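Everything below concerns the one structure shown next.
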Amino acid sequence: MQIDGLLITESQLKSKLNESIHENRRGDFALLLAMLSHDVLDFSQFHLPKTEIDNFVIEEEVLRKQFGAGPKQPLAPDEFDMLVGQFNASLISEEGEANGMASLKLYQYLNPEPLAIRNDDKYIPLNIIDNCELAVRRRIKNEQTQLTAPLIDAAAFYDSLNNDAIHQPLNLVAV
């Protein structure tokens, strides 16, 4: 059995899973299942045609004014800044001793600091990428993983539906 490339979805196997069951090749069946991607987002069910949905969107600023919320806490500064939060220790010691924890909370609510030091939503640390599966690494690197709806050979699909060998009841043999 020869398989070219990286297996992502069961549609790449065509009828090999079915044939391995009917020919009682349990080893091939287990191997093929193990070679498929374990990421749920790679399953064929999640790559269906998409329809446009009109959403009624309310601006965040309107909601902030309506509910009286404070300024939005940025996720990251506009420019890369390693010094985010550099004065927090002195602020906690000075302000905390003088006015207490309520004052520190009020200061944070009125002057929120960014949560991260990097403003790059595409950045993923290398140690996280190294822990990912090969299929996920290829997707991150934008290599050739065609997960869009593949073209279906309708004639071959119809022939496989009419194949009597596939629709035979499964006969289990005690070993």
Side-chain angles (χ1 to χ4, degrees), residues 3-14 16-17 29-152 154 157:
I3 297 181
D4 298 326
L6 183 65
L7 282 178
I8 305 284
T9 64
E10 64 275 6
S11 62
Q12 290 174 291
L13 294 175
K14 298 184 175 58
K16 291 181 182 175
L17 278 174
F29 180 77
L31 175 67
L32 290 173
L33 282 182
M35 290 173 65
L36 291 174
S37 174
H38 299 289
D39 189 2
V40 171
L41 296 177
D42 290 338
F43 293 174
S44 298
Q45 297 93 308
F46 296 103
H47 299 284
L48 299 174
K50 296 180 181 175
T51 58
E52 293 286 328
I53 299 174
D54 294 332
N55 289 336
F56 179 71
V57 179
I58 299 175
E59 293 292 325
E60 183 177 352
E61 291 302 319
V62 173
L63 290 175
R64 285 190 173 280
K65 286 180 183 177
Q66 181 180 353
F67 294 114
K72 180 180 176 183
Q73 183 172 14
L75 295 177
D78 294 332
E79 296 180 13
F80 181 73
D81 185 11
M82 287 293 293
L83 302 177
V84 169
Q86 70 176 346
F87 300 113
N88 284 352
S90 62
L91 177 69
I92 290 172
S93 64
E94 294 170 5
E95 190 72 26
E97 287 178 12
N99 300 327
M101 193 61 154
S103 175
L104 287 175
K105 286 184 178 180
L106 179 62
Y107 179 80
Q108 176 61 25
Y109 293 147
L110 295 176
N111 303 313
E113 285 189 349
L115 295 174
I117 59 172
R118 186 183 308 265
N119 190 18
D120 184 7
D121 58 348
K122 302 292 184 198
Y123 174 76
I124 302 173
L126 288 177
N127 59 345
I128 294 176
I129 293 175
D130 289 341
N131 283 329
C132 293
E133 286 185 2
L134 182 60
V136 176
R137 287 187 214 162
R138 288 182 74 182
R139 188 180 319 131
I140 290 171
K141 292 180 182 178
N142 291 329
E143 290 184 8
Q144 53 174 9
T145 52
Q146 179 187 0
L147 295 178
T148 58
L151 298 176
I152 296 175
F157 179 69

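Every value quoted in this text rests on a predicted model; they were computed, and no experiment measured them. Residue numbers count from 1 along this sequence.
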Distance-only check: which donor-acceptor pairs under 3.5 Å involve side-chain atoms of residues 96-108, not counting sequence neighbours?
| unit_1 | atom_1 | unit_2 | atom_2 | d |
| --- | --- | --- | --- | --- |
| Asn99 | ND2 | Glu95 | OE2 | 2.7 |
| Ser103 | OG | Glu95 | OE2 | 2.7 |

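- Between Leu33 and Leu17, some side-chain heavy-atom pair lies under the 4.5 Å cut-off.
- More than 12 non-hydrogen atoms from other residues, nucleotides or ligands lie less than 6.0 angstrom from CD1 of Ile128.
- Interatomic distance, Glu10 CD to Lys16 NZ, rounded to the nearest 0.5 Å: 14.5 Å.
- Ile124 contributes atom CD1, which lies 12.5 Å from atom CZ of Arg137 (distance to the nearest 0.5 angstrom).
- Closest approach of Leu13 and Leu36 over heavy atoms only: CD1-CD2, 4.0 Å.
- Using a 4.5 Å heavy-atom cutoff, the side chains of Ile140 and Ile129 are in contact.
- Considering only residues two or more places apart in sequence or on other chains, Lys72 meets the salt bridge (Lys or Arg N to Asp or Glu O under 4.0 Å) condition with Glu60.
- Annotation for Glu59: atom CD does not count as buried by contact number, only 12 or fewer foreign heavy atoms lying within 6.0 Å.
- Tyr109 contributes atom OH, which lies 10.0 Å from atom CD of Gln73 (distance to the nearest 0.5 angstrom).
- When the side chain to side chain contact (heavy atoms under 4.5 Å, CB included) test is applied to Pro71, the partners found at least two apart in sequence or on another chain are Pro112.
- Here the CZ atom belonging to Arg139 is positioned 6.5 Å from the OG atom belonging to Ser37, to the nearest 0.5 angstrom.
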